[in-house]
**Q** 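Dropping the structure in here first, questions after.
Labels below follow one simple rule: chain letters A, B, ... track the order of the sequence lines, proteins then strands, and each chain is numbered from 1.
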Amino acid sequence: MRALELEGVVKALGHREVLHGVDLQLDAGEIVWLAGRNGSGKSTLLKVAADLTPVTRGVVRWFGAAPTAHLRTRIGVLLDASFLYGEMTAEENLIYYARLYGLEGKQKRVLEWLERFRLHRDRGVPIKTFSKGMRQRLAIARACLHEPQLLLLDEPYDGLDAAGSQILTEWLRTLQGAGTGVLLVSHAVAPFQDLTYRTLRLEQGRLYGGGEP
Amino acid sequence: MKKWQWALVSLVGVGMIVSQYLDFIASPPEAQMGNVVRIMYFHVASAVVAFTAFGVTALFGIIFLIRKKWLWDQIARGSAEIGLVYTTFVLISGSIWGDAVWNTWWTWDPTLTTTLILWFLYLAYPLLRASITDRERAAKVASVFGFIAVIDVPLIHQSVTWWRGIHPNVITAQGFNMPPSMVVALLFSFVVFLGLYAVLLWINTQLVRDRDTLNDLREQARSVLAKYDERIGS
Amino acid sequence: MRFLRTLFAMVGKDLRIEWRTRQLFISSLSFALLLVFLMGLVLETGAALASFSEAGLLWLLIMMAGLFSLNRQDDKERYEGAIYGAYLAPVDRSVVFYARVISHLLFVLVMEVILVPLYSAVLGGAAQVSWAGFVLVLLLGTIGFVAVGAMLTSLSLTSSLREILMPLMLFPLAVPLLLGTVEVTSATLTGGNGAVIWWAVIAAYDVLFLVLPGLLYDFIAEV
């Protein structure tokens, strides 16, 4: 099954066209590494794919259908901003998002996630005191909490230390086995090079398949 | 310019001259107000243009939101600018009229008050647009704001009318019966002013579109230069 | 069902954060109290105000203090882009608008509980207040005000002139509400219940600005 499909997606930001007709297919259980220089439009592509910003032209499909509010239960998104509240603790932040997604057994699931990312000891601290790496771990937990079948990640390894990177890579391997499609933007390939992945390069708003940079 | 466009502009031009004749020569001075009444032709016709312009802004804003074509937004933007200018005319001519007839520069007449509120709202409109960097978001936000503002206008007018109705009205507009020549002059000024509005809107929309195109070209030039730099670098 | 659950989650989050810091509440309230003090100073306390002026000043005070909080309360949403996290929730995005209305409403109402008695003590001259009408108009007026305010904060979220544009957009739009609430409040301060048309104006305004933004919200809810 196709987890994500972009067809002829054009996106203009202000006066500038950032994406010029992007076609992309992402299957269930597939990891796609989206590479490209700064300013090539990777983040915009992710926002479009997450239906957080409308396309100028073209079509976005999730699991073969047009994005709807209900389908958002099945996608997870991590952008450069963490989407977290600095005044709330790590646990409160995750519980809030668990509520938004209407998850059962919130408390237990949140604790699992905090433990997975080794944040359980600091779970009662307002996250404005967190380091960048800790915040990034929590942001990843936030994006994955509802066990999405399509995961859109913008620089997830950013700010993570070796241990954090390893946890994330292990988690991605698990997801892949479970049939989740992952679109991953990253400037470095090293942290996840052991996984099976396909590479796409975004250059000047156009997508090119295969090949190492 | 195409032929019909010349024809339209000439027609409005001739109409303006005829309108001046009707306003200043053909129509009589009013019994009590004398020649001051001639302000009315300008004042009321400007008000008609101002309200029309804001209606057009709201309408095309909504069309833009649904259809996402830049032309609709450009018309809305062009119209809002004209509306702001004409609202200013209405307020100034209203003040002059008020001074001459009621001996006060400002009166809480419901329509005048509504116009002043509208003036504030449409002063915010271009500021809101200009202070948002993302062009698409600016257009959307302004469209929603323009629409809400216009929806609110009847409520504003009605509430101001009732408000004045309940409080003692120190100054009342004395009613007067207009002779036919005044009615003709007034109606004619409506038509001509709306014609002028149409011409201005058409020209201003083109200007707005040219500004957008210029920005697009600048943006393109910048990206071409960036690409060029990259090649030189590698 | 899901809509309501999400709504409560968002409001709960707002209250939790507000309760934790309390800075915004305390500073807004201090500002309002300072204004009461200044008004008393320039209006010569002791000489009772006419009921219309008393009602008018009270509403201006509430709206100014409320504006203060409207301007600042969304800062937490912009920090780390949290508002976009809310847009990922699997419900209609207008839930963000309604959650904002409820949070602002609670905020301003709590402020009024402290502000209004103090205001009456300093500037009030009303001898016979019809309490039911007074409380109801306070509630309905505040609902209309926070509804239009929440709409405008969503519009000006990314504007660089936000803090000055807010009052410039808010007060002209709120004129019908202001006139309506002042008329009714003034009537209740002298033992009356206000004219029906003014209640109608307030009700119409509340309905308009609770429904319309909900319908238009999808156009402006994006990153």
**Q** Can you say whether A:Arg142 sits under 4.5 Å from chain C via the side chain, the backbone, both, or neither, judging by heavy atoms?
**A** side chain

**Q** Side-chain contact test, heavy atoms from C-beta onward, threshold under 4.5 Å: evaluate it for C:Thr6 versus C:Phe8 and give yes or no.
**A** no

**Q** Do the non-hydrogen side-chain atoms of A:Arg2 and A:Phe63 ever get within less than 4.5 Å of each other?
**A** no

**Q** Please classify the contact between C:Thr21 and chain A as side chain, backbone, both or neither, with a heavy-atom cut-off of under 4.5 Å.
**A** side chain

**Q** Do the ring planes of A:Phe192 and A:Tyr197 sit parallel (below 30°), tilted (30 to 60°) or perpendicular (above 60°)?
**A** perpendicular

**Q** For A:Asp51, is it the side chain, the backbone, both, or neither that has a heavy atom closer than 4.5 Å to a heavy atom of chain C?
**A** both

**Q** With a 4.5 Å cut-off on heavy-atom pairs, point out which of A:His70, A:Arg99, A:Met88 contacts chain C the most.
**A** A:Met88

**Q** Contact part of A:Thr89 toward chain C, heavy-atom cut-off under 4.5 Å: side chain, backbone, both or neither?
**A** both

**Q** Give me the ring orientation class for A:Phe117 and A:Trp113: parallel if the planes are under 30° apart, tilted from 30 to 60°, perpendicular past 60°.
**A** parallel

**Q** Testing the 3.5 Å rule here: is there a donor-acceptor pair between the side chains of A:Gln149 and A:Thr180?
**A** no

